[in-house]
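Take a look at the structure below.
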Amino acid sequence: MLKVILPDGNSKEFPSSAAVKEVAAAIGPRLAKAALVAEVDGKIVGLDYRLPESGEVQVKILTAKDPAALGVMRHSAAHVMARAVMRLKKGVQLAFGPTVEGGFYYDFEVPEPLREEDFPAIEAEMQKIIDLDEPFERIETPRAKALEICQGLAQKYKVEHINTGLADHASMSFYRQGEFIDLCRGPHVLSPKAIGAYKLLSIAGAYWKGDANNAQLQRLYATAFFTKEELDEHLKKIEEAKRRDHRTLGKQLQLFTISQDVGPGLALWLPKGAMIRAQLEEFIKAELTRRAYLPVYTPHIGRIQMYQTSGHFPYYMDSQFPPFYLDPLMQSVQQLFYLLFQEKLSAGKFVGMFEETLKRNDDRLVPNSFPGFGTAKTDEDKLHVIREWFNEQEAYLLKPMNCPHHIQIYKSERRSYRELPLRLAEFGSVYRFEKTGQLNGLTRVRGFTQDDAHLFCTDDQIPAEFAGCIEMTQFVLNCLGLENYRVRLGFRDPASDKYVGGADVWERAQNSLEEVCSRLKIDYTPEPGEAAFYGPKADFVVTDCIGREWQLGTVQLDYNLPARFKLEYVGQDNHMHQPVMIHRAPLGSMERFIGVLIEHFAGAFPLWLAPEQVRVITVSEKSEQYGRDVEQKLRAASLRVKGDYRPEKLGAKIRDAQLELIPYMFVVGPRDAESATVSVRDRIDGDLGAMPLDQAICRLSAEIADRRVRKTYSGTAGLEGKATGNEY
RNA sequence: GCUGCUGUAGCUCAGUCGGUAGAGCACCUCCUUGGUAAGGAGGAGGUCCUGGGUUCAAGUCCCAGCAGCAGCUCCA
């Protein structure tokens with residue numbers, strides 16, 4: 001006999017090895033009907049799962065109301081989709097087909113690539129399979145048998161997975177449905193009828209096991225829900241995200257543009273977008289002053305040797321704009337080094353080609369005798385000599401980071417402990433050669449400006465300074481209505497060799513970070529392997545108002561660059577000490593941050609950020625003069641204002657302003673001219689009625705001074721339709 | 001960088017079987033002078049992404065490149 005404990009604390013007796021569905025049936029016929037999967041001692045299992053022979057076991061029957069059941073059903077839907085594809089296409093190799101947030105996918109290798117035109121046929125085939133109502137049947141097999149089955153099915157990825165990923169599994173399971181059988185841990189729903197509504201979403205490439213060196217597969221994304229209504233709601237959410245797309249809104253609202261003539265990934269700020277950015281920068285600058293940061297300015301390029309020292313150049317060789325050498329000859333030599341770096345040249349071949357290159361350009365050279373070789377005999381020795389010589393050549397790099405420049409400012413004089421912490425701040429523009437496939441609107445660009453600062457402090461000051469940076473980031477995010485965030489603590493992966501600096505130093509840095517975060521009661525998750533190469537970091541991951549996560553601000557602790565650049569200060573003891581550096585950027589980059597803000601606000605910026613704050617709208621041309629007077633007074637009160645004096649009807653002008661997401665409209669007609677009033681129309685609340693102009697100005701000024709973030713207007717910028725309500 | 005898709009007016013898009021380029025919005029001019037989400041008429045606007053090829057003829061078919069989109073991989 002077996003004792004089953006139910007979630008309400010009651011228990012029931014069952015015969016040995018009873019199936020979970022018998023438990024559901026015993027509780028009640030309605031539950032038995034609604035049951036999809038179960039949780040047995042905290043583990044999600046299918047309804048055909050056999051309970052133990054005896055003892056006590058916790059069982060919870062899950063229905064469509066439980067999120068875990070949705071995941072299981074989606075995974076079953078993935079099997080149905082794979083089965084449908086195999087029925088329609090020949091020679092399909094199955095890879096993995098897991099559930100993901102919002103749906104599921106299945107990776108295939110198909111001789112003839114799948115296209116979106118195939119979606120209707122696949123969906124129709126899925127429906128046929130669902131209508132067949134064949135159960136998902138679990139088959140447990142020992143490893144040898146499993147291998148045999150997959151080999152029999154000629155499923156090479158499954159075979160590989162059994163031999164590698166499942167190498168330590170003595171037995172494994174398959175799920176069979178009709179003619180379709182797939183290696184799968186499960187569980188599944190019993191009947192495909194549970195798949196109420198589904199839709200194929202997109203098709204994309206994906207590497208086998210996520211490794212770019214492996215074969216590229218086709219990934220079919222889809223989603224499924226228990227009901228059609230839930231699916232429709234989900235599709236509406238996807239539409240909503242599309243509507244907020246900062247690339248679309250940026251174009252419609254004339255915030256930024258990217259010109260092919262300037263180059264991919266190089267954003268141009270249009271006047272309206274530049275205004276938003278300027279306001280944000282003013283805001284940050286005021287905070288910097290309040291927090292005793294010192295503004296500095298540094299150039300956009302720097303000597304390559306500096307980035308050799310910092311480690312950025314060698315470490316990020318592939319994602320930088322190539323360095324420029326003053327001597328054109330060096331471009332060729334640099335190419336050789338690049339090939340060497342990629343291990344496409346041996347040392348000997350490199351030395352030979354190097355001499356050839358020099359000979360062609362320098363008649364002082366006699367064949368095979370680079371004057372610098374001196375006593376160097378072996379290729380390795382010669383390579384070393386060439387490398388040293390090459391590294392001394394004058395070359396510049398577009399700066400990929402601001403820190404080396406700020407370090408030079410630190411080093412411009414002898415520092416005393418009395419000067420620390422020294423906080424150097426700059427809106428620093430940096431350039432990184434992101435690969436074409438990574439570029440995306442403002443959120444991934446090749447040139448961007450960080451709201452950067454570097455804090456140089458003593459060991460003792462770390463906790464306070466680090467906490468100060470965290471606090472400032474929180475303050476800034478909260479001011480912008482981005483109150484929903486978590487912190488990701490990026491730690492070093494002890495198994496990897498990509499990091500610089502010793503284990504003890506890392507240990508110390510990571511501990512300080514974690515201590516401060518727990519002291520500030522921050523919601524953080526440590527993530528090994530996510531550190532920068534020079535130190536651990538705290539990244540702010542912000543959730544926007546429709547639930548998407550964005551990585552924005554960052555605070556990073558760094559013991560390594562101070563060592564590499566031999567930074568020092570005179571301590572109280574009159575001895576030299578090494579400072580610690582903190583890199584931090586509360587917004588991250590202006591480009592990315594504003595891109596995210598556009599999506600968060602759906603283009604409807606709070607008054608203090610709005611590029612145009614007020615539009616003066618005349619009822620007819622008769623009131624143009626009064627309208628111009630009002631416009632002047634608003635401008636005198638430092639409001640950003642534009643007058644609309646077109647010979648259009650009032651409704652049309654309001655509609656235009658509304659679609660441009662202007663926060664306030666001041667409607668003026670003969671009545672207003674007579675009484676020195678304006679009729680205020682709010683973007684969100686509509687007509688507020690007439691009020692004296694001075695009063696209207698006060699109202700707006702107060703909203704600006706508070707940097708008030710009001711509920712986002714859910715209107716559609718440039719799209720048809722009237723606003724239906726407010727959000728979040 | 002890889003896989004797939006896309007590229008036509010300022011914007012959003014249509015363009016059939018290969019036969020001299022189309023709509024709506026925006027823009028300009030005129031009429032209308034009005035009180036809270038589209039008044040009317042007319043006009044102007046094109047390197048059909050670029051370069052090759054096939055063809056009597058290419059926006060349309062083929063090849064290459066560039067750019068964008070989705071995803072993968074990467075992200076100091």
Side-chain angles (χ1 to χ4, degrees), chain A residues 105 107 109 113-117 201-221 242 245 247-248 251-252 254 257-261 263-265 307 310-313 315-316 318-320 399-404 430 432-441 443-444 450 490 498 500 530-535 537 539 551 554 556 558 561 583 585 592 617-624 647-659 665-672 679-683 686-690 715-716 718-723:
Chain A
Y105 66 79
D107 285 347
E109 189 178 274
L114 293 168
R115 294 156 166 264
E116 287 199 17
E117 291 98 89
L201 296 176
S202 62
I203 196 161
Y207 299 107
W208 167 239
K209 296 202 168 170
D211 187 337
N213 296 315
N214 287 342
Q216 181 139 31
L217 310 169
Q218 278 203 302
R219 176 169 296 179
L220 212 45
Y221 278 93
K242 228 188 224 169
D245 191 312
R247 293 163 302 187
T248 314
K251 200 179 265 181
Q252 276 168 10
Q254 300 169 304
T257 189
I258 293 173
S259 152
Q260 293 191 24
D261 290 339
Y307 296 102
S310 73
H312 290 107
F313 179 66
Y315 193 82
Y316 292 103
D318 282 338
S319 47
Q320 284 165 1
K399 72 174 168 187
M401 284 291 284
N402 297 306
C403 26
V430 297
R432 297 175 188 174
F433 193 78
E434 303 288 358
K435 291 175 185 163
T436 51
Q438 329 289 13
L439 299 174
N440 183 285
T443 55
R444 198 77 186 268
Q450 299 174 311
K498 76 169 202 174
V500 295
E530 293 296 313
F533 76 91
Y534 49 72
K537 59 181 183 172
D539 288 332
Q551 194 209 298
T554 183
Q556 310 177 349
D558 181 2
L561 287 184
H583 310 237
R592 183 176 173 79
I617 297 178
T618 48
V619 170
S620 79
E621 285 173 289
K622 285 178 185 158
S623 308
E624 181 170 344
E648 280 292 343
K649 292 182 90 167
L650 177 58
K653 293 203 253 189
I654 285 174
R655 181 171 188 275
D656 287 345
Q658 200 80 50
L659 291 178
M665 283 158 260
F666 286 3
V667 175
V668 295
R671 290 207 300 266
D672 298 293
S679 298
V680 177
R681 186 188 163 96
D682 180 286
R683 171 175 66 189
D687 191 0
L688 302 181
T716 50
L719 298 174
E720 296 300 322
K722 193 171 169 165

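Labels below follow one simple rule: chain letters A, B, ... track the order of the sequence lines, proteins then strands, and each chain is numbered from 1.
- Interface remark: the S679(A) side chain does form a donor-acceptor pair with the rG35(B) base, using a distance-only criterion of under 3.5 Å.
- Rounded to whole angstrom, the span from the CD atom of E648(A) across to the P atom of rC25(B) amounts to 12 Å.
- Here P400(A) lies in heavy-atom contact (under 4.0 Å) with a base.
- Separating the C1' atom of rG7(B) from that of rU60(B) is a span of 14 Å, rounded to the nearest Å.
- In this entry the distance linking CG of L659(A) with P of rU12(B) reads 16 Å, nearest Å.
- Within 4.0 Å of Q254(A), counting heavy atoms only, lies no atom of the nucleic acid at all.
- Here rG46(B) sits opposite no nucleotide as a Watson-Crick or G-U wobble pair (both hydrogen-bonding atom distances under 3.5 Å).
- Here rC72(B) presents its C1' atom at 13 Å from CD of Q218(A), a figure rounded to the nearest Å.
- Salt-bridge annotation for R681(A) and D687(A): absent, with no side-chain N of the basic residue lying under 4.0 Å from a carboxylate O of the acidic one.
- Contacts of G210(A) with the nucleic acid, taken as non-hydrogen atoms under 4.0 Å apart, involve only primed sugar atoms and P, OP1 or OP2.
- In this structure a side-chain-to-backbone donor-acceptor pair under 3.5 Å is missing from K251(A) to T257(A).
- Q658(A) places a side-chain N or O within 3.5 Å of a backbone atom of R683(A) that can act as its donor or acceptor partner.
- For N440(A), a side-chain nitrogen or oxygen approaches OP1 or OP2 of rA70(B) to under 4.0 Å.
- Counting non-hydrogen atoms under 4.0 angstrom, Q551(A) reaches nothing in the nucleic acid.
- Between the side chains of Y534(A) and Q556(A), at least one donor N or O sits under 3.5 Å from an acceptor N or O.
- At a cut-off of 3.5 angstrom, counting only N and O atoms as typed in the model, there is no donor on one side facing an acceptor on the other between the side-chain of R592(A) and the base of rC75(B).
- Listed nucleotides rC72(B), rA76(B), rG35(B) differ in distance to R219(A); the shortest reach to its side chain belongs to rC72(B).
- For R655(A), whose side chain is taken as the heavy atoms from C-beta onward, the closest listed nucleotide among rA38(B), rC72(B), rA70(B) is rA38(B).
- Here rG35(B) is the nucleotide among rG4(B), rG35(B), rA70(B) with the atom lying nearest to any side-chain atom of V667(A).
- Nucleotides rG71(B) and rU55(B) have their P atoms positioned 42 Å apart, rounded to a whole Å.
- In this model, the phosphate group of rC69(B) is approached by a side-chain N or O of R247(A) to a distance below 4.0 Å at OP1 or OP2.
- A salt bridge between R444(A) and E434(A) is present, with a side-chain N of the basic residue lying under 4.0 Å from a carboxylate O of the acidic one.
- In this model, no donor atom of one side chain and acceptor atom of the other lie less than 3.5 Å apart for K242(A) and T248(A).
- At a cut-off of 3.5 angstrom, counting only N and O atoms as typed in the model, there is a donor on one side and an acceptor on the other between the side-chain of D672(A) and the base of rG35(B).
- No hydrogens or angles were tested; on distance alone, nothing pairs the side chain of R432(A) with the base of rC75(B) as donor and acceptor under 3.5 Å.
- As judged by a 4.0 angstrom heavy-atom cut-off over every strand, K251(A) is placed among residues touching the sugar-phosphate backbone only.
- rC56(B) is paired with rG19(B) under the criterion used here, namely a Watson-Crick or G-U wobble arrangement in which both key atom distances are under 3.5 Å.
- Contact annotation: K649(A) does not reach the phosphate of rG35(B) (side-chain N/O to OP1 or OP2, under 4.0 Å).
- Nucleic acid contact for I258(A): none, since no nucleic acid atom lies under 4.0 Å from a heavy atom of the residue.
- Using the Watson-Crick or G-U wobble rule with both distances under 3.5 Å, rG24(B) pairs with rC11(B).
- Checking side-chain atoms of N440(A) against main-chain N and O of T443(A) turns up no donor-acceptor pair under 3.5 Å.
- Below the 3.5 angstrom threshold, one finds no donor paired with an acceptor across the side chain of Y207(A) and the base of rG71(B).
- When heavy atoms are screened at a 4.0 angstrom cut-off, Q260(A) is found touching the sugar-phosphate backbone but no base atom.
- Judged by Watson-Crick or G-U wobble contacts below 3.5 Å, the nucleotide rG71(B) has rC2(B) as its partner.
- As the counterpart of rA41(B), rU29(B) is assigned, both hydrogen-bonding distances of the Watson-Crick or G-U wobble pattern falling under 3.5 Å.
- Put simply, K653(A) has no side-chain N or O that comes within less than 4.0 Å of OP1 or OP2 on rU36(B).
- As judged by a 4.0 angstrom heavy-atom cut-off over every strand, Y221(A) is placed among residues touching the sugar-phosphate backbone only.
- Residue R681(A) is in base contact, counting any heavy-atom pair closer than 4.0 Å across all strands shown.
- Counting any heavy atom pair closer than 4.0 Å across all strands shown, D656(A) reaches no nucleic acid atom.
- Listed for the R432(A) side chain is no donor-acceptor partner under 3.5 Å among the backbone atoms of Y316(A).
- When heavy atoms are screened at a 4.0 angstrom cut-off, G651(A) is found touching the sugar-phosphate backbone but no base atom.
- Following rounding to the nearest Å, K622(A) (NZ) and rG35(B) (C1') show an atom-to-atom distance of 13 Å.
- When distances run from any side-chain atom of Q438(A) to the nucleotides rC72(B), rG68(B), rA38(B), the shortest one goes to rC72(B).
- No side-chain donor from either of Q218(A) and D107(A) sits under 3.5 Å from a side-chain acceptor of the other.
- The separation between R115(A) atom CZ and rC5(B) atom C1' is 9 Å, rounded to whole Å.
- R671(A) comes within 4.0 angstrom of a base, heavy atoms only.
- Among the atoms of the strands shown, base atoms are found under 4.0 Å from some heavy atom of S319(A).
- Here K209(A) lies out of heavy-atom contact (under 4.0 Å) with every strand.
- rA76(B) has its base stacked against the ring of Y316(A), the centroids being under 5.5 angstrom apart at an interplanar angle below 30°.
- Going from atom CD of Q658(A) over to atom P of rA38(B) covers 11 Å, rounded to whole Å.
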